[in-house]
Amino acid sequence: MDTVREQKIEALRTANDYLERLIPAMEEVISEIRGEMKEDTVDYLLQIIDGFNFMIETYNVTRDIVNEPEELIVDDVLEASVGRLSDGFSKKDYPAIAEELSSDIVPFLKVFKEAAARNI
């Protein structure tokens, strides 16, 4: 196995472990936004988005492994989701953010986690 591939697999191990915590945290913040927001919900959301950004970066460097032998994640669809999420943040439209997280981002993270687990 070459060094680059080994590094990518190590990145997938890290992603798999990280996603064990990120996905439930994201589901928790979605329910807070949809229910009764707490004093720290927005701060919590921002921390979770930092984690999501880390996972996007990890996906970007491992996409060739994640999407072999078949394409599991369509980059254009992911990019559109991130764009809608960014739009929600720019408008501080928390219900729209929760909807985007729920409908597209969490499913992406779950597929990414499954792909990571399969490749480590």
Side-chain angles (χ1 to χ4, degrees):
M1 191 178 318
D2 66 7
T3 304
V4 173
R5 186 168 179 87
E6 289 172 1
Q7 290 173 345
K8 289 179 179 184
I9 290 172
E10 184 58 36
L12 288 173
R13 276 190 200 95
T14 300
N16 187 56
D17 292 343
Y18 194 82
L19 288 165
E20 287 285 331
R21 296 179 304 278
L22 181 62
I23 292 169
M26 196 170 280
E27 290 170 338
E28 179 181 359
V29 83
I30 290 167
S31 60
E32 281 186 25
I33 293 169
R34 288 181 170 164
E36 190 169 323
M37 287 182 60
K38 300 175 184 173
E39 186 177 307
D40 66 343
T41 298
V42 173
D43 290 336
Y44 187 42
L45 173 63
L46 294 174
Q47 288 177 337
I48 288 168
I49 294 303
D50 285 343
F52 170 64
N53 287 332
F54 174 55
M55 288 298 94
I56 289 289
E57 290 171 17
T58 305
Y59 166 72
N60 285 337
V61 298
T62 61
R63 75 169 42 121
D64 58 327
I65 295 173
V66 168
N67 286 319
E68 67 181 33
E70 63 182 292
E71 186 176 47
L72 299 174
I73 297 169
V74 179
D75 290 344
D76 291 343
V77 172
L78 178 58
E79 189 174 316
S81 295
V82 171
R84 287 187 298 272
L85 186 63
S86 179
D87 187 52
F89 271 100
S90 69
K91 296 175 181 174
K92 295 186 179 184
D93 184 349
Y94 297 110
I97 291 168
E99 180 57 32
E100 190 58 39
L101 291 174
S102 177
S103 66
D104 293 320
I105 302 301
V106 169
F108 154 73
L109 293 174
K110 287 180 177 179
V111 168
F112 184 37
K113 183 178 182 330
E114 289 172 20
R118 183 185 69 224
N119 284 288
I120 56 176

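- The shortest non-hydrogen separation linking R118 to E68 is NH2-O, 3.4 Å.
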Margin query: side-chain contact (heavy atoms from CB on, under 4.5 Å), that's the test. Do I65 and I120 meet it? Break it down for me.
Written below: CA-CA 10 Å; I65 295 173; I120 56 176; over 6 Å; no

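- L19 and I73 fall within the same hydrophobic cluster, where Ile, Leu, Val, Met, Phe, Trp and Tyr residues are linked whenever their side-chain heavy atoms come under 4.5 Å apart, directly or through other members.
- Rounding to the nearest 0.5 Å places CD1 of I105 at 9.5 Å from CD1 of I30.
- If you chain together hydrophobic residues whose side chains sit under 4.5 Å apart, F108 and V77 never meet in one group.
- When all heavy atoms of N119 and A115 are compared, the pair lying nearest together is ND2-O, 2.8 Å.
- Going from atom CG of L22 over to atom CD of E20 covers 11.0 Å, rounded to the nearest 0.5 Å.
- Within the 4.5 Å cutoff, the side chain of L12 has no heavy atoms near those of the K8 side chain.
- Remark: side-chain polar atoms of T41 are paired, donor with acceptor, to backbone N or O of K38 under 3.5 angstrom.
- Here CG of D40 is found 11.0 Å from CG of L45. Values are rounded to the nearest 0.5 Å.
- Counted within 6.0 Å of CD on E27, heavy atoms from surrounding residues, nucleotides or ligands total more than 12; the atom is thus considered enclosed.
- The backbone N or O of A98 lies less than 3.5 Å from no partner atom in the side chain of S102, so there is not a single donor-acceptor pair.
- The OG1 atom of T14 sits 7.5 Å away from atom CE of M55, with the distance rounded to the nearest 0.5 Å.
- In this structure, L46 is a member of the same hydrophobic cluster as L101, with clusters built from ILVMFWY side-chain heavy atoms closer than 4.5 Å.
- Grouping the Ile, Leu, Val, Met, Phe, Trp and Tyr side chains by contacts below 4.5 angstrom, directly or via other members, places Y59 apart from V61.
- Atom CD of E71 has more than 12 heavy atoms from other residues, nucleotides or ligands within 6.0 Å.
- In this structure, CZ on F89 lies 4.0 Å from CD1 on I49, to the nearest 0.5 angstrom.
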Check: Does the pair Y44 and E28 meet the rule for a side-chain contact (heavy atoms from CB on, under 4.5 Å), with working shown?
Finding: CA-CA 10 Å; Y44 187 42; E28 179 181 359; 3.0 Å; yes

Next item on the list: Check step by step if side-chain contact (heavy atoms from CB on, under 4.5 Å) holds for V106 and F52.
Entry: CA-CA 10 Å; V106 169; F52 170 64; over 6 Å; no

Next item on the list: For D104 and L85, run side-chain contact (heavy atoms from CB on, under 4.5 Å): C-alpha distance rounded to whole Å, both residues' side-chain angles, the deciding distance at 0.1 Å, then the answer.
Entry: CA-CA 10 Å; D104 293 320; L85 186 63; over 6 Å; no

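- For D17 and R13, the salt-bridge test fails: no basic side-chain N is under 4.0 Å from an acidic carboxylate O.
- Rounding to the nearest 0.5 Å gives a distance of 11.5 Å between OG1 of T58 and CG of N16.
- Using a cut-off of 4.0 Å between Lys/Arg side-chain N and Asp/Glu carboxylate O, K91 and E100 are scored as not salt-bridged.
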